[in-house]
Amino acid sequence: MTSNELDKMIWQTVASIPFGKVMTYGQIALSCGYPGYARYVGTVLKKLPADTELPWHRVINAQGRSSFPEGSDKYQDQLQRLRAEAIVINNGKIALSIYQHQ
DNA sequence: GGGTTGACAAATG
DNA sequence: CCATTTGCCAACC
């Protein structure tokens, strides 16, 4: 039962990230009340359909980088989506001090 | 039901 | 900054 409920919480949290801001996997897990579930947040996002409205691109890892292999289509896609939100990316890195939500 | 995998993270050298 | 190690936990085979 917990699994499906947590999934919803994660979706809600991701949906709550405002335009031009980002959150890390661990931060999302924590704000859902599930510290240590950073990896699970990743597995949940992976299950999303390609045409989802959820702003999954606003979710990055603790290093301020995309978690996709550099150069992959998903990687390029995520970075383009972020740039479209006026987010500046330097050498694949996003300044969490500026763009991290909360 | 044990071993592997992965859209993670923090510590260490 | 980069590489490795360790901890973590659900999904998958």
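Residue numbers start from 1 in every chain, and the chains themselves are labelled A, B, ... in the order their sequence lines are given, proteins ahead of strands. Just so it is clear, the values below take in all heavy atoms, side chains as well, and ignore hydrogens, waters and symmetry mates.
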Q | Between C1' of B:dA9 and CD of A:Q27, the distance in whole Å | A | 13 Å
Q: Can you measure from CG (A:L45) to CG (A:L54) and round to the nearest 0.5 angstrom?
A: 7.0 Å
Q. How many angstroms lie between atom OH of A:Y99 and atom NZ of A:K21, to the nearest 0.5 angstrom?
A. 8.5 Å
**Q.** Closest to the A:Y37 side chain, choosing from B:dA9, B:dC8, C:dC9
**A.** C:dC9
Q | Touch class at under 4.0 angstrom, heavy-atom based, for A:Y40 against every strand present | A | sugar-phosphate
Q) Tell me: CG of A:L96 to P of B:dA10, nearest whole Å? A) 11 Å
(Q) Taking B:dA7 as the reference, what is the distance to C:dG7 when you measure between their P atoms (whole Å, please)? (A) 22 Å
Q.
I need the CG-P distance between A:L30 and B:dC8, as an integer number of Å.
A. 17 Å
Q.
Looking at A:R58 and A:E85, is any side-chain nitrogen of the basic one under 4.0 Å from a carboxylate oxygen of the acidic one?
A. yes
**Q.** Between B:dA7 (P) and A:L54 (CG): distance, integer Å
**A.** 17 Å
Q) Taking DNA chain B as the partner, which of residues 58-72 of chain A come within under 4.0 angstrom of it by heavy atom? A) A:N61, A:A62, A:S67, A:F68
(Q) Can you tell me if A:Q76 has over 12 outside heavy atoms packed within less than 6.0 Å of its CD? (A) yes
Q.
Side chain of A:A38 only, heavy atoms from C-beta on: which candidate in C:dA10, C:dC1, B:dC8 is closest?
A. B:dC8
Q: Examine C:dA11: is either OP1 or OP2 under 4.0 Å from a nitrogen or oxygen in the side chain of A:K46? Give yes or no.
A: no
Q. OH/A:Y25 to CZ/A:R39 distance, rounded to the nearest 0.5 angstrom?
A. 11.5 Å
Q: Compare every heavy atom of A:P69 with every heavy atom of A:S72, then report the nearest pair and how far apart it is.
A: OG-O, 2.8 Å
Q) Quick one: does A:R81's side chain have a donor or acceptor within less than 3.5 Å of a partner on A:W56's backbone? A) no
(Q) Nearest whole Å is fine: how far is B:dA7 C1' from A:L82 CG? (A) 13 Å
**Q.** Out of C:dC9, C:dC1, B:dA7, whichever nucleotide has its closest atom nearest the side chain of A:R39
**A.** C:dC9
Q. Ignoring hydrogens and geometry, is there a side-chain-to-backbone donor-acceptor pair from A:Q78 to A:V59 under 3.5 Å?
A. yes
Q: For A:K47 and C:dA10, give me the distance from atom NZ to atom P, rounded to whole Å.
A: 12 Å
Q: Could you state the atom-to-atom distance from CD1 of A:I10 to P of B:dA7 in whole Å?
A: 15 Å
Q. Do the side chain of A:Q27 and the main chain of A:H101 share a donor and acceptor less than 3.5 angstrom apart?
A. yes
Q) Could you spell out the base pairing of DNA chain C in dot-bracket, with Watson-Crick or G-U pairs whose two distances are under 3.5 Å, [ ] crossing and | to another strand? A) .||||||.|||||
Q. Whole Å only: how far is the CG atom of A:N4 from the P atom of C:dA11?
A. 11 Å
